[in-house]
Amino acid sequence: MSLRLFNTLSRMKETFVPLEAGRVRMYTCGPTIYNFAHIGNFRAYMFEDLLRRHLKYRGFQVTQVMNLTDVEDKLIRTCRQTGEALKSVTDRYAKAFFEDLDTLGIERAEVYPAATDHIPEMVELIKKLRGHGHTYEANGSIYFRLSSYAKYGQLSHMDMSQLQTGASGRVDTDEYDAEDARDFALWKAWDEEDGDVYWETELGKGRPGWHIECSAMSMKYLGESFDIHCGGVDNMFPHHENEIAQAECATGKTFVKYWLHNAHLVVDGKKMSKSLGNFYTLRDLLAKKIDPLAIRYLLIGTHYRQPSNFTFEALDAASQALRRIRDFRIRLAELRGTGEDLAGVCAACETAFAEAMDDDLNVSGALAAVFDFIRDVNKLLDEANVGADGAANALALLDRLNAVTGVLAPATEAAVPQDVLDRVMERQQARRNKDFARSDALRDQLLAEGWVIEDTASGPRVKRA
RNA sequence: GGCGGCAUAGCCAAGUGGUAAGGCGGAGGCCUGCAAAGCCUUUAUUCCCCGGUUCGAAUCCGGGUGCCGCCUCCA
């Protein structure tokens with residue numbers, strides 16, 4: 001079975017066939033680095049991480065590009081208000097962004113181009129569009145003339161004549177000098193509010209419009225046509241439509257083959273907002289001592305095109321699920337001797353897992369296969385039929401599937417302190433002496449300190465609570 | 001006002017025409033000195049509501065209700 005992905009262009013699942021055999025080039029819309037990213041943002045990056053990991057699992061060589069938007073209206077406003085230099089703000093939040101990616105186990109993309117490092121590329125692209133007659137100038141700014149591109153709206157399937165200007169309430173249309181409010185800026189002429197944020201270019205003194213960076217940088221690193229472009233559903237219109245218009249009007253080629261959009265995250269069934277008190281950055285959750293892998297588990301657990309409901313109850317369930325996985329790995333790692341090689345159950349699990357993932361990244365189905373496997377193997381372990389060889393096969397399988405999901409790794413256990421080990425031994429001695437009052441007291445005491453004691457056939461096992 | 005998506009158990013969540021995956025939680029049992037872990041049984045006669053199509057609908061169609069997204073720089 002081959003990988004099928006839901007393409008927004010066709011609104012259908014399509015068999016994935018890359019432009020170049022064995023290789024995937026993908027562009028994923030990245031953050032505006034003017035603040036800490038919130039868990040809704042991370043849902044998008046998590047989905048893209050899952051996609052790249054599965055592509056790699058399926059043997060593709062992946063080149064992923066994620067932009068960092070480091071010049072933009074809000075950013076300039078912030079700098080104006082605080083007096084801090086643009087670069088200083090963006091450096092700080094870029095650093096925080098990468099720390100957060102590491103915390104969540106999100107793999108690094110191959111390239112993270114920043115907009116301000118690619119002004120010449122954007123200027124070149126705008127010049128090309130101007131040469132092809134797709135632009136006009138007004139008060140020093142350069143706009144893209146939408147009416148010059150008949151295919152506009154192909155992605156969002158929007159009927160341009162039905163759009164209500166300013167309906168979102170997000171834009172003060174008076175700010176625009178465009179001939180038609182639907183035209184968008186490619187290059188914005190400098191004005192006083194921009195302060196020292198400007199570039200002197202052939203297009204004049206100013207700064208790029210937001211959409212142009214993605215067209216310019218994606219084509220620079222991935223070519224004029226590439227395989228996959230991802231982003232949140234909110235970016236479908238107008239951002240991605242504009243990217244298509246800019247790229248295809250400049251090159252005359254198809255820009256992107258597969259467009260993938262992730263649905264949003266809600267918290268307790270409601271839109272995340274500061275006024276509702278349900279707005280969380282990753283750092284907010286870490287401050288609550290939440291296991292970042294539980295956040296990863298939760299974010300990954302809902303199919304990317306379904307709205308996901310983030311609740312603390314679900315987060316707790318995710319922690320418990322991780323514990324089950326980790327305990328299972330501990331149990332396997334302790335096995336000695338020889339026995340059942342588990343080849344059959346391993347193969348069945350991997351097939352079911354891969355088929356689910358191939359179906360537009362059905363990660364819920366894939367994880368269900370893993371839990372079926374865990375239950376089946378636990379049963380065999382209870383029957384004492386498995387040895388180190390079978391355990392090695394099972395652990396190797398978990399490692400392979402962990403490379404895709406990132407939630408099947410062993411617990412990172414710090415060494416157990418000697419005084420804890422001493423008391424475990426003391427308890428064991430008390431048990432041999434049938435002094436259960438003493439042994440239970442020691443167990444309670446250790447539990448209160450965060451250590452769980454489990455008595456197994458081969459002796460006591462110590463774990464973090 | 002226009003366009004699009006979603007609604008499945010206490011919670012999270014698969015399934016999109018053939019009789020409800022999986023995880024968490026709850027209940028009972030096995031194991032255990034007692035626990036924990038693990039295993040077994042159980043927990044939605046039913047998939048937001050009302051109609052319709054069909055031998056058959058959570059799945060298709062129509063109408064509601066609710067939530068979410070977009071309508072010119074929000075993942």
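Lettering of chains follows the sequences in order, A, B, ..., and the numbering in each one begins at 1. Hydrogens, waters and symmetry mates are skipped; everything else that's a heavy atom, side chains included, is used. Note that this is a predicted model, so its numbers are computed, not measured.
The gap from the P atom of B:rC12 to that of B:rU54 amounts to 37 Å, rounded to the nearest Å. Atom name C1', nucleotides B:rA44 and B:rG2: the rounded distance is 38 Å, in whole Å. Rounded to a whole angstrom, the distance from the C1' atom of B:rG22 to that of B:rC61 is 31 Å. B:rU42 and B:rG56: their P atoms are spaced 30 Å apart (whole Å). Going from the P atom of B:rA9 to that of B:rC48 covers 8 Å, rounded to whole Å. Taking atom P on both nucleotides, B:rC3 is separated from B:rG23 by 42 Å, rounded to a whole Å.
With a 6.0 Å cutoff to the six-membered ring centre and a 45° limit on the axis angle, A:R464 counts as a cation-pi contact of A:W451. Annotation: cation-pi pair A:R400/A:Y57 absent, no NZ/CZ under 6.0 Å from the ring centroid and within 45° of its normal. Geometrically, A:K13 does not engage A:F6 in a cation-pi contact, judged by NZ or CZ lying under 6.0 Å from the ring centre and within 45° of the ring axis.
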Review item, nucleotides 36-41 of chain B N/O atoms under 3.5 Å of protein N/O:
from   : atom 1 : to     : atom 2 : distance (Å)
B:rA36 : O2'    : A:E454 : OE2    : 3.1
B:rA37 : O4'    : A:E454 : OE2    : 3.3
B:rG38 : OP1    : A:R324 : NH1    : 3.4
B:rG38 : O3'    : A:N378 : ND2    : 3.1
B:rG38 : O2'    : A:R331 : NH1    : 3.3
B:rG38 : O2'    : A:D382 : OD1    : 3.2
B:rG38 : O2'    : A:D382 : OD2    : 2.8
B:rC39 : OP1    : A:R324 : NH2    : 3.2
B:rC39 : OP2    : A:R324 : NH1    : 3.3
B:rC39 : O4'    : A:D382 : OD2    : 2.9
B:rC40 : OP1    : A:K379 : NZ     : 2.9

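In the set B:rC71, B:rA75, B:rA14, the nucleotide with an atom closest to the side chain of A:P238 is B:rC71. Residue A:S439 places its side chain closer to B:rG33 than to any other of B:rG22, B:rA7, B:rG33. Ranking B:rG10, B:rC68, B:rC34 by closeness to the A:E313 side chain, first place goes to B:rG10. Across B:rA21, B:rC67, B:rC11, the shortest atom-to-atom separation from the side chain of A:A368 is found for B:rA21.
In terms of modelled atom types and a separation under 3.5 Å, the side chain of A:R323 and the main chain of A:A318 share no donor-acceptor contact. A donor-acceptor contact shorter than 3.5 Å is absent between the side chain of A:T32 and the backbone of A:Y34.
Aromatic stacking is not marked for A:H303 over B:rA14, as the cut-offs of 5.5 Å for the centres and 30° for the planes do not both hold. Ring-to-base geometry does not place A:F371 in a stacked arrangement with B:rG22 (centre distance under 5.5 Å, plane angle under 30° required).
Of the residues near RNA chain B, A:R431 and A:F42, the one whose nearest nucleotide (by heavy atom distance) lies more toward the 5' end is A:R431. Toward the 5' end of RNA chain B, the nearer of the two residues A:M236 and A:R427, judged by each one's closest nucleotide, is A:M236.
Proximity of A:N362 to the phosphate of B:rG15: a side-chain N or O atom is located under 4.0 Å from OP1 or OP2.
Residues from residues 289-300 of chain A that place a heavy atom under 4.0 Å from any atom of RNA chain B, listed by number: A:L298.
We find that CD of A:Q306 is positioned 11 Å from C1' of B:rG15, with the value rounded to whole Å. Between the CZ atom of A:F6 and the C1' atom of B:rC6 there is a distance of 13 Å, rounded to whole Å.
Checked against a 6.0 Å centroid threshold, the rings of A:Y280 and A:F312 count as neighbours.
Scanning atom types as modelled, one donor and one acceptor separated by under 3.5 angstrom connect the side chain of A:D440 and the base of B:rG33.
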